[in-house]
Number of protein chains: 2
Amino acid sequence: MGAALGRVHRLWRQAINHAVSPLELTESRWAVMVHLDHLGEGCSQHALAHQLAIEMPSLTRTLNQLEQQTLVERQPAPNDRRAHTLWFTERGRRVMADLEQHIQAVRTAIYGNLTDEQLCQLAHIVCAMESNLHQYLEHHRGNGK
Amino acid sequence: MGAALGRVHRLWRQAINHAVSPLELTESRWAVMVHLDHLGEGCSQHALAHQLAIEMPSLTRTLNQLEQQTLVERQPAPNDRRAHTLWFTERGRRVMADLEQHIQAVRTAIYGNLTDEQLCQLAHIVCAMESNLHQYLEHHRGNGK
DNA sequence: GGGAGATAGTTAGCAGGCTAACAACGGTAT
DNA sequence: ATACCGTTGTTAGCCTGCTAACTATCTCCC
């Protein structure tokens with residue numbers, strides 16, 4: 001039954017991939033851009049990875065791609081020579097401005113025929129499952145089984 | 001917002017992976033076994049891939065693994081020399097019998113604090129989103145854009 | 001100040017989804 | 001019969017998640 005979530009997630013990824021492909025983006029790169037915008041420029045990779053709920057190496061790879069596309073850049077962080085701060089480039093900011101309009105069609109296609117109440121229920125249930133899963137995994141790691 | 005589904009799916013995969021690891025299985029191999037059982041032995045790879053909602057090459061790889069573990073075997077199909085029929089081995093059937101008990105803990109951990117009504121709502125909403133996404137993708141493929 | 005342990009980021013390589021391209025076979029129409 | 005098209009399954013290789021192991025740095029405590 002949790003498999004249904006996987007199916008929807010893969011379809012959603014395909015839809016987003018299609019929607020942002022005119023901007024030379026993919027779902028994962030798009031997600032990084034959006035969350036960087038949401039978190040605010042100048043944040044660390046660690047903070048961004050936490051926000052995205054992915055591991056650092058996954059983010060490292062995606063950031064390399066975005067940096068190669070000159071959409072995002074890493075700058076040395078003041079006060080910590082290990083860390084980087086993340087910033088949009090000029091071009092990155094222009095792309096961000098265009099994003100919403102490309103995504104909107106997907107959003108309305110997916111959520112269009114659902115009521116606000118249903119979306120609220122969905123968010124609530126999914127959040128509960130997420131927290132349940134976190135708890136399960138945390139519990140079954142400290143112990144051997 | 002669809003990203004939350006991805007997070008839950010990844011956590012769920014980790015939980016299942018953990019739960020079935022004593023049987024030398026992973027979530028994807030487990031899913032193949034369960035769906036083969038559900039669909040009935042003797043079915044074709046195509047039918048099983050459809051049931052799992054994955055593409056044939058993904059299934060091919062997983063079946064290779066299961067065959068190497070002597071849990072499942074491919075047999076030539078009568079009446080169609082291209083196709084295979086899929087069968088559990090003796091060992092595979094024994095493992096299937098053990099599966100439910102290993103999975104149960106995960107299920108109760110995830111769904112335990114949700115009401116039947118919530119699960120029903122979830123199934124309904126997820127199903128709607130799945131069908132919306134299918135429609136979107138179908139629509140935006142026939143056309144150039 | 002100097003050493004032990006935590007933390008930020010990277011690299012390497014695995015897992016399992018996908019598409020594209022192919023071989024082998026089936027089915028149908030001429 | 002043969003020619004063509006659809007189907008089944010495989011191979012090759014991309015994408016993006018992950019863990020493990022590493023470097024470089026920071027922090028804290030003696």
Side-chain angles (χ1 to χ4, degrees), chain A residues 3 5-18 20-21 24-32 35 43-69 72-86 137 141, chain B residues 3 5-18 20-21 24-32 35 43-50 52-68 72-86 137 141:
Chain A
L5 297 180
R7 290 202 302 275
V8 172
H9 177 238
R10 278 180 284 136
L11 291 170
W12 176 77
R13 159 162 281 173
Q14 284 183 28
I16 299 282
N17 275 338
H18 170 267
V20 299
S21 62
E24 308 266 315
L25 286 175
T26 63
E27 184 266 340
S28 63
R29 295 203 286 269
W30 164 78
V32 167
H35 283 257
C43 68
S44 69
Q45 295 186 203
H46 182 259
L48 186 53
H50 182 77
Q51 170 84 11
L52 284 157
I54 62 177
E55 300 301 319
M56 299 263 327
S58 307
L59 180 58
T60 291
R61 194 203 290 127
T62 306
L63 282 175
N64 288 344
Q65 297 166 356
L66 287 171
E67 209 165 26
Q68 206 155 10
Q69 292 183 280
V72 165
E73 12 173 63
R74 286 182 251 230
Q75 295 291 343
N79 307 330
D80 191 339
R81 278 181 300 169
R82 295 168 302 180
H84 297 149
T85 57
L86 300 172
L137 288 169
R141 282 209 184 154
Chain B
L5 297 180
R7 290 201 302 275
V8 172
H9 178 238
R10 278 180 285 136
L11 292 170
W12 176 77
R13 160 162 279 174
Q14 283 182 28
I16 299 282
N17 275 338
H18 171 268
V20 298
S21 62
E24 307 266 315
L25 285 175
T26 63
E27 183 269 338
S28 64
R29 295 204 286 270
W30 164 78
V32 167
H35 283 256
C43 67
S44 70
Q45 293 187 205
H46 182 259
L48 186 52
H50 182 78
L52 284 156
I54 63 178
E55 299 301 319
M56 299 260 328
S58 306
L59 179 58
T60 291
R61 193 204 288 128
T62 306
L63 282 175
N64 288 344
Q65 296 166 355
L66 287 172
E67 210 164 27
Q68 207 155 11
V72 165
E73 5 172 69
R74 285 182 254 231
Q75 295 290 343
N79 307 329
D80 192 339
R81 276 182 300 168
R82 295 169 301 181
H84 297 148
T85 57
L86 301 172
L137 287 169
R141 284 217 183 147

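Reminder, nothing fancy here: chain letters follow the sequence lines and each chain counts from 1. Hydrogens, waters and symmetry mates are skipped; everything else that's a heavy atom, side chains included, is used. Model, not experiment: these values are computed from the prediction.
No option in A:His46, A:Gln75, A:Arg74, A:Glu73 other than A:Arg74 meets the side chain to side chain contact (heavy atoms under 4.5 Å, CB included) test with A:His84.
Looking at A:Ile16 and A:Trp30, their side chains come closer than 4.5 Å, going by heavy atoms from C-beta outward. For the pair A:Val32 and A:Leu48, the minimum side-chain heavy-atom distance is below 4.5 Å.
B:Glu67 contributes atom CD, which lies 12.5 Å from atom OG1 of B:Thr62 (distance to the nearest 0.5 angstrom). Distance check, rounded to the nearest 0.5 Å: CD of A:Gln69 to CG of A:Asn64 gives 11.5 Å.
Look at CG on B:Leu66: it is 14 Å from P on C:dA15, rounded to the nearest Å. Regarding B:Arg61, its CZ atom lies at a distance of 9 Å from the P atom of C:dA15, rounded to whole Å. Computed from coordinates, the A:His9 NE2 to D:dG17 C1' distance equals 10 Å when rounded to whole Å. The nearest whole Å value for the distance from the NE2 atom in B:His84 to the P atom in C:dG26 is 12 Å. Note: CE (A:Met56) to P (C:dT10) measures 6 Å, nearest angstrom. Straight-line distance from the NE2 atom of A:His46 to the P atom of D:dC26: 16 Å, rounded to whole Å. Remark: C1' of C:dA23 and CD of B:Gln45 are 15 Å apart, rounded to the nearest angstrom. Following rounding to the nearest Å, A:Ile16 (CD1) and C:dC18 (C1') show an atom-to-atom distance of 17 Å.
Within the nucleic acid shown, B:Arg13 comes within 4.0 Å of sugar-phosphate atoms alone, with no base atom in reach, counting heavy atoms only. Residue contacts for A:Ser58: at a heavy-atom cut-off of 4.0 Å it reaches a base atom on one of the strands shown.
Contact annotation: B:Arg81 does not reach the phosphate of C:dA24 (side-chain N/O to OP1 or OP2, under 4.0 Å). Here B:Thr60 does not reach the OP1 or OP2 of D:dG9: none of its side-chain N or O atoms lies under 4.0 Å away. OP1 and OP2 of D:dT8 both lie 4.0 Å or more from every side-chain N or O belonging to B:Ser44. Between A:Ser28 and D:dT16 there is a side-chain polar atom (N or O) within less than 4.0 angstrom of OP1 or OP2. Regarding contacts with the backbone of C:dA15, every side-chain N or O of B:Thr26 stays at 4.0 angstrom or more from both OP1 and OP2. Using a 4.0 Å cut-off, some side-chain N or O of A:Arg74 falls inside it from OP1 or OP2 of C:dT10.
Comparing D:dT16, D:dC26, C:dG17 by their nearest atom to the side chain of A:Arg82 picks out D:dC26. Listed nucleotides: D:dT16, C:dT10, D:dT11. Nearest to the side chain of A:Arg29: D:dT16.
In this structure, B:Leu59 and B:Asp80 both approach DNA chain C, and ranking their closest nucleotides by distance from the 5' end singles out B:Leu59. With DNA chain D read from its 5' end, the first of the two nearest nucleotides for A:Gln65 and A:Asn79 is the one closest to A:Gln65.
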